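As the structure is a computational prediction, the values presented were derived from the model and not from experiment. Just the heavy atoms: all of them, side chains too, but no hydrogens, waters or symmetry mates, feed the values below.
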Amino acid sequence: MESKDGSGRLRCLVTGATGYIGGRLVPELLEAGHRVRCLARTPEKLRDHPWAGEAEVVKGDVTDAESLGAAMRDFDVAYYLVHALASGPGFERTDRDAARVFGEQARAAGVRRIVYLGGLTPADVPDQELSPHLRSRAEVGRLLLDSGVPTTVLRAAVIIGSGSASFEMLRYLTERLPVMVTPSWVSTRIQPIAVRDVLRYLVGSAHMPAEVNRGFDIGGPDIMTYRDMMQKYAAVARLRHRLILPVPMLSPGLSSHWVGLVTPVPASIARPLAESLRFEVVCDEHDIAHYVPDGPGQPFSFATALSLALQRVREARVTTRWSSASTPGIPSDPLPTDPDWAGGSLYTDVRERDVDASPDALWRVVEGIGGDNGWYSFPLAWAVRGWMDRLVGGVGLRRGRRDAQRLRVGDSLDFWRVEEIEPGRLLRLRAEMRLPGLAWLEMYAEKGEDGRSHYRQRAVFHPAGLLGHAYWWSVSPFHAVVFGGMARNIARAAVRGQAGGTA
């Protein structure tokens with residue numbers, strides 16, 4: 001395909017750029033010389049990505065025809081990398097409506113190709129027997145193929161890459177359980193694929209001839225059971241051979257809770273993954289190679305994909321994670337900044353301290369909070385709160401950090417998400433644990449007197465109904481220990497860091 005302006009440089013619209021695949025696709029398209037526009041409901045989430053200055057970001061939503069149509073105008077290729085799993089029980093209808101709007105607007109705008117990444121489904125299983133997740137992904141693919149715009153549907157099973165939900169699930173199950181009682185789906189045959197191959201096929205699909213309007217199965221060269229995948233991971237990671245005992249009575253629902261307890265992947269995300277593993281998902285063809293040729297050693301073997309992912313994790317070079325996208329059931333409202341906000345009650349807990357360290361030293365502690373560095377206050381209380389959240393289906397405290405030292409807007413941070421960051425001054429986190437209301441935590445590193453710093457910390461809670469008010473008053477007696485201790489220990493850590501010569 002040649003671009004509309006004859007330059008050979010395609011104009012590509014990417015939806016889902018705040019997600020795991022979309023966030024990696026954008027720099028690949030830019031490196032290939034294409035112009036990229038990202039459509040995002042919250043453009044601020046893309047502000048701190050390394051490629052943010054090279055790609056255009058516009059506000060909009062795939063369910064909003066007006067904003068979507070405007071974003072597509074004069075563009076050659078539109079990537080559909082979103083799904084509504086995070087929207088809750090009605091996600092299939094939302095996915096269906098969004099796909100229809102996307103196809104209609106693409107046709108009206110003169111888009112010349114749609115590229116969609118869906119799920120690999122077993123050919124001999126009726127749609128009604130598939131998991132809702134797989135059934136919806138397949139339906140979206142059909143709707144886009146019927147849109148009147150030439151469409152490429154890429155169907156992948158398990159995607160292996162640093163930070164992917166499938167990789168994290170595999171990694172933590174294998175590393176934490178040398179002996180495990182597992183669901184029967186560990187014996188299901190799967191054809192995993194490296195995220196690098198997925199990205200290569202996505203980029204290459206933009207150039208397909210206009211007459212191509214079809215789906216393609218994409219997978220790596222290895223067909224294996226999930227048990228094989230765990231044993232291979234153990235070998236690549238130099239762990240002992242794992243003892244795996246399948247138990248038939250563990251349903252997808254029960255096994256998703258089991259996965260949620262053992263791994264950082266919450267049950268809400270683990271369930272569609274587990275349900276998808278009930279059926280054999282193996283490629284029926286490899287026709288994609290006719291249009292996007294494989295080079296030497298491509299597609300990558302499962303062992304190579306694991307090695308590359310592990311290397312990225314060990315070098316702290318994970319560019320996007322499964323938690324980059326929204327998680328089902330979490331709040332998304334921005335912090336009300338008006339002190340006289342009319343939306344209802346706001347409870348606050350404010351702590352301030354002068355710090356005998358430079359603002360830079362204090363900021364390094366603030367930006368490094370969470371994950372393996374902890375929360376500088378009563379670790380048992382934080383751990384218990386994380387387990388309580390897990391038990392009610394929340395994300396818990398184990399999502400950790402994408403990067404051990406640096407944060408950016410949109411990053412997940414244990415059971416928080418970075419809502420705002422002003423380097424050197426402010427870190428604002430929004431709570432994603434299950435709460436009867438909305439909560440935020442702000443940390444400021446400010447310049448004090450005589451070269452010292454001033455640390456200010458504010459916890460904000462907007463209660464939802466009577467239960468929300470009761471929740472705040474029930475936990476407020478512990479704030480002196482939790483929040484007060486945090487302020488003290490962050491100040492001490494900044495002083496120690498400066499004294500140790502790291503300031």
Side-chain angles (χ1 to χ4, degrees), residues 42 44-45 47-49 52 333-341 343 345-379 381-382 401-432 438-462 472 475-476 478-503:
T42 311
E44 295 78 14
K45 287 185 178 181
R47 187 190 70 195
D48 298 330
H49 283 252
D333 298 43
L335 173 66
T337 54
D338 184 349
D340 299 318
W341 184 54
S345 303
L346 279 181
Y347 292 115
T348 62
D349 180 281
V350 178
R351 310 279 166 169
E352 299 189 62
R353 298 187 71 86
D354 291 323
V355 183
D356 292 321
S358 69
D360 286 346
L362 176 58
W363 177 251
R364 270 194 294 274
V365 177
V366 169
E367 191 176 11
I369 202 165
D372 292 339
N373 298 324
W375 290 88
Y376 296 93
S377 170
F378 200 9
W382 287 89
R401 298 172 53 109
R402 178 190 56 82
D403 185 290
Q405 296 178 311
R406 298 286 178 263
L407 292 174
R408 64 190 185 203
V409 170
D411 273 358
S412 60
L413 181 60
D414 292 325
F415 48 43
W416 305 89
R417 189 172 296 275
V418 179
E419 183 173 276
E420 181 57 84
I421 184 166
E422 297 177 18
R425 178 180 176 271
L426 163 68
L427 174 63
R428 179 187 299 141
L429 307 175
R430 186 184 73 244
E432 292 190 339
L438 304 173
W440 295 265
L441 177 63
E442 293 181 323
M443 290 168 275
Y444 293 84
E446 300 171 328
K447 185 177 292 187
E449 299 178 357
D450 304 324
R452 298 196 305 167
S453 306
H454 184 75
Y455 175 69
R456 183 158 60 94
Q457 174 183 296
R458 184 172 76 131
V460 180
F461 183 67
H462 173 222
W472 175 265
V475 299
S476 58
F478 303 100
H479 286 174
V481 175
V482 176
F483 291 133
M486 177 186 291
R488 287 193 303 274
N489 292 328
I490 284 176
R492 290 170 183 166
V495 173
R496 287 197 304 270
Q498 181 162 288
T502 59

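By the side chain to side chain contact (heavy atoms under 4.5 Å, CB included) test, Val475 is found to be paired with Tyr471, His479, residues two or more places apart in sequence or in another chain being considered. Under the side chain to side chain contact (heavy atoms under 4.5 Å, CB included) criterion, Glu44 pairs with Thr42, sequence neighbours left out. Tyr376 meets the ring pair (Phe, Tyr, Trp, His ring centres under 6.0 Å) test with no other residue; sequence neighbours excluded. Looking at residues two or more places apart in sequence or on another chain, you find a side chain to side chain contact (heavy atoms under 4.5 Å, CB included) between Val495 and Val355, Asp356, Ala357. Under the salt bridge (charged side-chain N to carboxylate O under 4.0 Å, His left out) criterion, Glu446 pairs with Arg456, not counting sequence neighbours. Under the rule for a ring pair (Phe, Tyr, Trp, His ring centres under 6.0 Å), His454 has no partner lying at least two apart in sequence or in another chain.
Formation of a donor-acceptor pair under 3.5 Å by the Ser453 side chain with backbone atoms of Ser358 is found in this model.
Between Trp440 and Leu438 there is a side-chain heavy-atom pair separated by less than 4.5 Å. Contact of the Asp360 side chain with the Trp363 side chain is not registered, since no non-hydrogen atoms from C-beta on lie closer than 4.5 Å.
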Check against salt bridge (Lys or Arg N to Asp or Glu O under 4.0 Å), Arg430 and Glu432: CA-CA 7 Å; Arg430 186 184 73 244; Glu432 292 190 339; 3.3 Å; yes
Worked check of salt bridge (Lys or Arg N to Asp or Glu O under 4.0 Å) between Arg47 and Glu420: CA-CA 10 Å; Arg47 187 190 70 195; Glu420 181 57 84; 2.9 Å; yes
Chi angles and distances behind the side chain to side chain contact (heavy atoms under 4.5 Å, CB included) call for Leu441, Gln457: CA-CA 7 Å; Leu441 177 63; Gln457 174 183 296; 4.1 Å; yes
Test salt bridge (Lys or Arg N to Asp or Glu O under 4.0 Å) applied to Asp403 and Arg401, step by step: CA-CA 5 Å; Asp403 185 290; Arg401 298 172 53 109; 5.1 Å; no
